[in-house]
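Throughout, a chain's letter reflects where its sequence line sits, starting with A, and its residues are numbered from 1. These values consider heavy atoms only, across backbone and side chains, with no hydrogens, waters or symmetry-generated copies.
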Amino acid sequence: MFPYPSGKLHMGHVRNYTIGDVLSRYHQMKGYNVMQPMGWDAFGLPAENAAMANNVPPAAWTYSNIEYMKQQLKSLGLGVDWSREVSTCKPDYYRWEQWLFTRLFKKGVIYKKTAVVNWDPVDNTVLANEQVIDGRGWRSGAIVEKRDIPMYFFRITQYADELLQDLDTLSGWPEQVKTMQANWIGKSYGVRFAFPYGKDEKLWVYTTRADTIMGVTFVAVAAEHPLATQAAQGNAKLAAFIEECKQGGVAEADIATMEKKGMDTGIKVSHPLTGEQVPVWVGNYVLMGYGEGAVMAVPAHDERDFGFAKKYNLPIKQSIAVKDQNFSDTAWQEWYADKENGVCVNSGKYDGLNLEKAVDAIAADLNAKGLGEKKVQFRLRDWGISRQRYWGCPIPIIHCPTCGDVAVPDDQLPVKLPENVVPDGAGSPLAKMPEFYECTCPQCGGKARRETDTMDTFVESSWYYARYASPQCNTGMVDKAAAQKWLPVDQYIGGIEHAILHLLYARFFHKLMRDEGLVQGNEPFVNLLTQGMVVAPTFYRDGEGGKKLWINPADVDVEVDAKARPLGAKLKADGLPVIIGGTEKMSKSKNNGVDPQAIIDAYGADTARLFMMFAAPPDQQLEWSDTGVEGSFRFLKRVWKAVHDHVEKGIVTAYSNGELSANAKALRLQLHQTIQKIDDDYGRRKTFNTAIAAVMELLNSLGKFDEDGAVARSVAQEVLENAVLLLSPIAPHIADALWRELRPGSKLVDQSFPKADPAALVQNEIELMIQVNGKLRGSLLVAKDTDKAALEQLALAHEAVVKHLAGGTAKKVVVVPGRLINVVI
RNA sequence: GCCCGAGUGGUGAAAUUGGUAGACACAACAGACUUAAAAUCUGUCGCUGAGUAAUCGGCGUACCGGUUCAAUUCCGGUCUCGGGCACCA
């Protein structure tokens, strides 16, 4: 993944790009033609915040960050092809995004509708979820409101089925990520049906549990639902409640965890099957715009409805039973929602039916009445991309009073974003710039207004991988031949935090571009490595108005108890206490990022890379600590010394033949086992920490190998040459220098990855573990081809086994070839 | 609240397909070298019991339970921590 140019690299970046560099160097050694590109996800909110804080335009801030971070990346020794560098804030990049937008707009894949946003009534501006803290605007402190505004949407739901199904083709992706995406898309099979009311009017709902329909005791609608609006006329109390529901942010986590509240509208609708009158309530947990904005409530079999019914004394009507379980409405029981074992009860003609049969029967009856039908629904919602911000890609639409929304024609693209603007945090800057928004309609030539919203920055990051194939192409988004040569991406590496949004949007974009005939294949990334996050502790002090002032861990001293648990923390500058927050992913907003530059400066890039790779396997979360960086530095010094000590005695040719001592033979065995192991670690497992450990072990063994004859020295030469090659993807600089020592006149870049010598791997004797009842009691050295019966006899005769048998007989002997023998007594 | 992960010595971790738990390091301690320190090298290093010792035994992979000759690994449940939840990227 390409970085957001936030200012400095942090350890997450170092980890991400070192992993990529190791893999690309390894694959180069394996003979592949590897492209390792880099770019900048350059639009985004932090630039606007920095601009306001420092009175510098976001563009200038961003460009200077790119400059600095590029130097940092170079100092890491990454083999990046900088001729392919891409910056998403440059017109030659976003031009093509605008171009695609106009195509999709004309096709109807992009459309306009209203959506709910966080509104700060004091700053008169839309807030990102991140800018809403405990329901208040981060700058103004005002209570945030929900507000409906018009936005452009990508019709991603049109691709929902394909996005779901193609997950099955991604064998190179972690299961975890595929599961998360499948759940996010959330395909469900249910019934959409209506509660009739008034004169032929219908209140629609959707449910996956139509089998519980006879247990419905009320219907809950969103505050913005037309029925609620209707009921609120002439009901001041209800109107006030509806206003209250509009307070607070729109983030799902907040809505799901807030206290469930409701109020009766006084309106009643008819149950579609029984005709019974059912009250309609307004619920603050029901969202307009998701589904129908109304839900049927079955308190007996839905935990949220149960809690709501208890709180407001609404009836609870059992309609599902599970054998041997007793129903009571005093406390919620897990089995009340059991889908497997439940059958209908108190449900008239549906009694005794299981979920599937009840749903079929109920859907058929609803259908016969014209009140409903089976429907497949997705949890996935269309992707709203309008942002009322300045530092983003302008949406290429012109609003004409006569022609409506008109896409900007190709010859007027790109719609350039002016770069000299400093936003003030109140509303969209572009909407205050007539020189930007005043324009003429491309269709009728009349006076028109340019759209002043910009696009979600996820749009830029959804297709940059494709741009890398032909970054300078000025005839299209991609050069088709280049795209065909390079795409799909063989190895994509990114943080696990992108498992859903970014990776789903990129997959969606690939399909959009495919349908435009720009790229081939259905998926952008063949193999995905999701690196675990680099996390660090957070520290803060309470500022005015409940704002938290985040303090960098580097500026804090932490006191710990004997068990290394933190007791308290103090700011180094003033010695006064600070509050310890959680351990979180390194981010600018929590100020807990650690700048890798200090380590690179003190120890060099190779040590920084080696240490980062040695600390943990790539997909595991890593709590940052530089304890141990000394050890990585020491190891590289040991390698350096071992090579120089060896070379000083004269260079020899690596072992090819000659009589080997037992020790030399054992060393060669270990060497070639190590080659095999590391090849697998780099290629299949992508566990660089164990690869490094294996080289360490090999060098430790070489250190103990003190033979000095010609053959012995040739074996030492062989070990050192291979150790340098095995280490070179991780520590390329030192490996290059050492290779020149070991093989003067030859270059490391021309070497291929070592291959294990099958002759060296032959073992005549192996050690087997002896267990008694699964417990280790000893070991046995046997000839490799000893047969099972003989092994059993040897085990039974083993001194430890005889002792435990104490004259008795073994019940069973389990022989695991090559590993162990377990005697069961 | 919902979805996805993780939990192993003082610390980072290893054990790849159910088969030797703690490889490789860090820290600590002891020793060698040194006038001294640093650097370097060597050794000890999960908890616990017995033994002068060599050694022998018990327990131990967050917690409770299960499957198995054998469980860090598989299954059920619980707790804690982390990620995501659609406008941070």
In this structure, how many angstroms lie between the [atom2] atom of [N] and the [atom1] atom of [X], rounded?
X: A:Asp254; N: B:C2; atom1: CG; atom2: P; value: 16 Å
X: A:Gln620; N: B:C81; atom1: CD; atom2: P; value: 19 Å
X: A:Arg379; N: B:C4; atom1: CZ; atom2: C1'; value: 12 Å
X: A:Phe154; N: B:C87; atom1: CZ; atom2: P; value: 13 Å
X: A:Lys811; N: B:A70; atom1: NZ; atom2: P; value: 10 Å
X: A:Lys585; N: B:G84; atom1: NZ; atom2: C1'; value: 9 Å
X: A:Tyr464; N: B:A89; atom1: OH; atom2: C1'; value: 11 Å

Can a donor-acceptor pair under 3.5 Å be found between the side-chain atoms of A:Gln388 and the base atoms of B:C87?
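Answer yes: a donor N or O sits under 3.5 Å from an acceptor.
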Considering only heavy atoms and no angle criterion, is a donor-acceptor pair shorter than 3.5 Å present between the side chain of A:Lys677 and the base of B:U16?
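Such a pair exists between side chain and base.
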Side chain of [X] only, heavy atoms from C-beta on: which candidate in [options] is closest?
X: A:Val126; options: B:A23, B:C87, B:C26; value: B:C87
X: A:Gln771; options: B:G12, B:G83, B:U20; value: B:U20
X: A:Leu501; options: B:U20, B:A70, B:A89; value: B:A89
X: A:Arg634; options: B:C87, B:A13, B:A27; value: B:A27
X: A:Arg777; options: B:A25, B:G58, B:A14; value: B:G58
X: A:Phe614; options: B:C88, B:C24, B:C3; value: B:C24
X: A:Leu820; options: B:G1, B:A25, B:U20; value: B:U20
X: A:Glu584; options: B:G83, B:G57, B:G1; value: B:G83
X: A:Ala128; options: B:C87, B:G1, B:G12; value: B:C87

Can you check whether A:Trp173 and A:Tyr492 have ring centres sitting under 6.0 Å from each other?
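No.
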Testing the 3.5 Å rule here: is there a donor-acceptor pair between the side chains of A:Thr690 and A:Arg685?
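Present: a donor and an acceptor within the cut-off.
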Could you tell me whether the phosphate oxygens of [N], OP1 or OP2, come under 4.0 Å of any side-chain nitrogen or oxygen in [X]?
X: A:Asn129; N: B:A86; value: yes
X: A:Lys803; N: B:G57; value: yes
X: A:Lys775; N: B:C59; value: yes

Both distances below 3.5 Å, Watson-Crick or wobble geometry, any strand: find the nucleotide opposite [N].
N: B:A53; answer: none
N: B:A36; answer: none
N: B:G5; answer: B:C81
N: B:A28; answer: B:U44

Calculate, to the nearest 0.5 Å, the distance between atoms OG and NZ belonging to A:Ser386 and A:Lys112 respectively.
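If I round to the nearest 0.5 Å, the distance is 8.5 Å.
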Shortest non-hydrogen contact from A:Ala615 to A:Leu622?
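Scanning both residues completely, I find the closest heavy atoms to be CB-CD1, 3.9 Å.
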Return the orientation label for the A:Phe43 and A:Trp391 ring planes: parallel under 30°, perpendicular over 60°, tilted otherwise.
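Plane angle over 60°, so perpendicular.
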